[in-house]
Structure formats: C-alpha cells, structure tokens
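These notes concern the structure reproduced below.
A, B, ... follow the sequence lines: proteins, then strands. Residue 1 opens every chain. Just so it is clear, the values below take in all heavy atoms, side chains as well, and ignore hydrogens, waters and symmetry mates.
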Amino acid sequence: DTAVSQTPKYLVTQMGNDKSIKCEQNLGHDTMYWYKQDSKKFLKIMFSYNNKELIINETVPNRFSPKSPDKAHLNLHINSLELGDSAVYFCASSQIHGPQHFGDGTRLSIL
Amino acid sequence: AQKVTQAQTEISVVEKEDVTLDCVYETRDTTYYLFWYKQPPSGELVFLIRRNSFDEQNEISGRYSWNFQKSTSSFNFTITASQVVDSAVYFCALSDNNNDMRFGAGTRLTVKP
C-alpha cells in the first residue's frame, strides 16, 4: 500500500536512448510533481500537474515530456538521453498547499 | 521570485550536542507555506513539518523544534540532544499560493558517536 510509487528504481541505459519512468499515487491527491536531484543533492522542480493539467513547467529540455493519463498517474518520458541527465528523479504528490509525499526515487545512469 | 537559502552546506556535531539548521526565504507573497524535509542516507525524502505564513507559533516535536520568524524571514530547525540517526541532508522549502515549491540547497548533518 505504498503511497507514491515510481518504477523503475534503477535505470541504466546508453546515451541516445528513450526511456520512461512511471509514477502512481494512491493518496487521492490532486497535484503531482517531478523533481530532479543532481549529484550535489540539489532538488529542482521540473513539472507540476494539477488534475491532469500542467501547472508548472520549469526550464527543462523539451526532450523531457510528462504525461498524466489521470490524476493518480504522472509519467516522465525522456528522449535522446544525454550524460547530463544522470540523476535521481523523484515523483511527488500533494493536496493544494499540503506537504508533498515523495516516491523512493529513480536513479538514472547514462553510459 | 521565491528563494530559499540554507547557508550551511555541512554541519558536523558529536552525539548529544544541540544543532540548529538555518533557513532564510524570500517571497513577495503574503500567503505562503514553509516545510522541512529529511533525506537520510537511504535516499527517501521524509516530510517533517509544514507552517503557513499566518502561523508564527513555534513548534516542538520530541527532540525537534522549529522557530519561524517573519521579521527575519527565517524558519530555523533545531535538533536537541542529537543522535547518530539524525545524520541526513535536511531541506527547507517554500511553497507559494500557486503550489510552486522551491527547495533550499540542503544542509548535510553528520552526527558522530
């Protein structure tokens, strides 16, 4: 009964490949997010969706495309992976103005 | 634009010492929300506390306490009688009325036995 689950936990792939990370929450929250945490632990918001609608779209390469089929899911698709995309990606969800509940993270390594 | 500053990059203390983690924020909103999260070595992000801008009351939860001062735009976090299990990266965060959350750079706390 994990609240926010993201898969896979680890993703090792070659430069130039396309990959997806899935995220699901069973908390009934209206808002979902994707964050990128780099090797220095800096946590940066990438996208935010509220009831399947894109609310925040930070300056990220358009190789990154979020998709929200329903308010319980927010997937992240990445095209043409680059070395600099190596990071831990966290999915989160919250109610409006509430604390964010995070998934366990997906460690993406680009070879 | 919102900004959260955690000036202390790393802090090292010996067990049982008290330690305060500083957080200073900037926002033009009158309504906003402040948070602290803990990221232990295992990597998950754990929510610790949420404060809204209209509630300046300090809070204590066991060995943890938070001091919110609007006059200095600070939301500091104190751990009393620190323990080795408190070793983690601690993040302060600010959310505006549009639910846009911004995190500070984090403070790595090491508690030595």
Chain B interface, residue from A/Ile45, A/Val88, A/Asn50 that has the most non-hydrogen pairs under 4.5 Å: A/Ile45

Counting only heavy atoms not in B/Glu56 (residues, nucleotides, ligands), do more than 12 fall under 6.0 Å from its CD? yes

Between A/Val4 and A/Leu76, is there shared hydrophobic-cluster membership here, with clusters defined by ILVMFWY side-chain heavy atoms closer than 4.5 Å? no

Side chain, backbone, both or neither: which part of B/Asn52 has an atom under 4.5 Å from a heavy atom of chain A? neither

Answer with yes or no whether the hydrophobic clustering places B/Phe75 together with B/Leu48; edges join I, L, V, M, F, W, Y residues whose side-chain heavy atoms lie under 4.5 Å apart. yes

Check whether A/Gln37 gets within reach of chain B through its side chain, its backbone, both or neither, counting any heavy atom under 4.5 Å. side chain

Could you please state which residues from residues 8-34 of chain B sit under 4.5 angstrom from chain A, measuring non-hydrogen atom to non-hydrogen atom, sorted by number, or 'none'? B/Tyr33

With a cut-off of 6.0 Å (strictly less than), are more than 12 heavy atoms of other residues, nucleotides or ligands near CD1 of B/Ile60? no

Could you state the interatomic distance from CD (B/Gln39) to NZ (A/Lys41), rounded to the nearest 0.5 Å? 4.0 Å

Hydrophobic cluster identity match, A/Met32 and A/Trp34, side-chain contacts under 4.5 Å: yes

Look at atom NZ of B/Lys38 and say whether more than 12 heavy atoms of other residues, nucleotides or ligands are closer to it than 6.0 Å. yes

Atom NZ of B/Lys70: over 12 foreign heavy atoms under 6.0 Å: yes

For A/Tyr10, does the OH atom sit with more than 12 other heavy atoms under 6.0 Å from it, leaving out its own atoms? no

Using a 3.5 Å distance criterion without hydrogens, assess whether the side chain of B/Arg50 forms a donor-acceptor pair with backbone atoms of A/His97. yes

From the list A/Phe90, A/Tyr33, A/Tyr35, A/Phe42, ring-ring contact (aromatic ring centres under 6.0 Å, His included) partner of B/Phe103 resolves to A/Tyr35

Is any side-chain heavy atom of A/Phe102 less than 4.5 Å from a side-chain heavy atom of B/Phe47? no

Transitive ILVMFWY side-chain link B/Val46 to B/Ile49, under 4.5 Å: no

Side chains of A/Leu43 and B/Leu45, heavy atoms from C-beta outward: is any pair under 4.5 Å? yes

Which atoms of A/Ser48 come close to chain B, meaning under 4.5 Å heavy atom to heavy atom: side chain ones, backbone ones, both, or neither? neither

Report yes or no: do B/Trp66 and B/Tyr37 belong to one cluster of Ile/Leu/Val/Met/Phe/Trp/Tyr joined by side chain heavy-atom distances under 4.5 Å? no

